[in-house]
Amino acid sequence: DAGVIQSPRHEVTEMGQEVTLRCKPISGHDYLFWYRQTMMRGLELLIYFNNNVPIDDSGMPEDRFSAKMPNASFSTLKIQPSEPRDSAVYFCASNSRGAGMNTEAFFGQGTRLTVV
Amino acid sequence: GNSVTQMEGPVTLSEEAFLTINCTYTATGYPSLFWYVQYPGEGLQLLLKATKADDKGSNKGFEATYRKETTSFHLEKGSVQVSDSAVYFCALRLLTGGFKTIFGAGTRLFVKA
């Protein structure tokens with residue numbers, strides 16, 4: 001398996017534009033997580049899905065952020081409209097509960113978002 | 001609530017020095033504990049883990065022991081290398097309340113030749 005795949009790796013956009021980040025989890029994994037990493041706040045969990053259903057979105061900062069998982073192999077995180085303070089590295093991770101409670105989450109390489 | 005506290009970085013060491021990165025946790029249940037490492041420009045990857053009290057996780061010369069009495073999971077390595085320069089994250093996962101992993105803030109390690 002190629003691991004968790006995120007795209008794009010880098011995104012530069014102007015304030016006010018819509019941004020869509022994409023993630024393909026590892027095949028067979030039933031949990032998908034979106035994290036945001038900044039120097040100030042560290043690694044924050046934004047939202048996670050189980051079997052394509054959002055379970056906990058309490059970390060989503062505001063209504064400008066939305067996430068979907070239309071099927072088991074694809075998820076998106078959308079920011080509309082984007083603001084400079086959204087600049088961060090966004091990570092997607094996946095895991096399989098069937099593999100046991102002690103299995104680790106597997107992370108993608110991240111999308112570095114810069115909003116100017 | 002459930003949380004992880006790590007020592008603040010950056011930590012700067014010379015090659016072959018001894019490394020300790022402190023990690024303590026607060027949990028309402030009985031968690032599994034993890035250390036992840038993030039190399040520059042990459043995502044997080046598992047370094048080691050422990051699932052019950054007194055378990056020792058080890059990998060690549062790194063070790064950490066699950067101490068329930070002190071709610072700690074300190075990371076140690078006897079002799080660091082320049083290639084160990086990275087950010088290290090301590091994390092926990094509970095057996096109940098969902099399948100999410102809670103991370104500490106991360107500790108950046110610089111190793112000088």
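Sequence lines set the chain letters: A, B, ... in the order given, protein chains first and strands last, and positions in each chain run from 1. Computed over heavy atoms, backbone and side chain alike; hydrogens, waters and symmetry mates excluded.
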Region of A:R9 in contact with chain B, defined by heavy-atom distances below 4.5 Å: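 Answer is side chain: those atoms of A:R9 sit under 4.5 Å from chain B.
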Given that the side chain runs from C-beta out, which part of A:N50 has a heavy atom under 4.5 Å from chain B: side chain, backbone, both or neither?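 Contact with chain B involves no heavy atom of A:N50 at all.
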Whether over 12 other heavy atoms sit under 6.0 Å from [X] [atom1]:
| X | atom1 | value |
| --- | --- | --- |
| A:E62 | CD | yes |
| A:R112 | CZ | no |
| A:E14 | CD | no |

Could you check if a side-chain atom of [X] sits within less than 4.5 angstrom of a side-chain atom of [Y], using non-hydrogen atoms only?
| X | Y | value |
| --- | --- | --- |
| A:Q37 | B:F103 | no |
| B:Q38 | A:V89 | no |
| A:Y35 | B:T101 | yes |

Same cluster or not: are B:V111 and B:Y39 linked, directly or through other Ile, Leu, Val, Met, Phe, Trp or Tyr residues, by side-chain heavy atoms under 4.5 angstrom apart?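 Yes; B:Y39 is reachable from B:V111 via cluster members.
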Would you kindly confirm whether A:Y90 and A:V12 end up in one hydrophobic cluster when ILVMFWY residues are joined by side chain heavy atoms under 4.5 Å apart?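 They do not share one cluster, since no chain of ILVMFWY contacts under 4.5 Å joins A:Y90 to A:V12.
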So which heavy atom on B:Y36 is nearest to which on A:E104, and how close?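 Between these two residues, the closest heavy atoms are OH-CB, 3.3 Å.
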Please list all pairs meeting salt bridge (charged side-chain N to carboxylate O under 4.0 Å, His left out) that have one or both residues in residues 17-27 of chain B, counting only residues at least two apart or in different chains.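 Every candidate salt bridge (charged side-chain N to carboxylate O under 4.0 Å, His left out) pair involving residues 17-27 of chain B fails, so no pair, neighbours aside, qualifies.
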Only pairs of heavy atoms separated by less than 4.5 Å count here; which of B:I102, B:L46, B:L44 has the most with chain A?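 Sorted descending by pairs with chain A, the first entry is B:L44.
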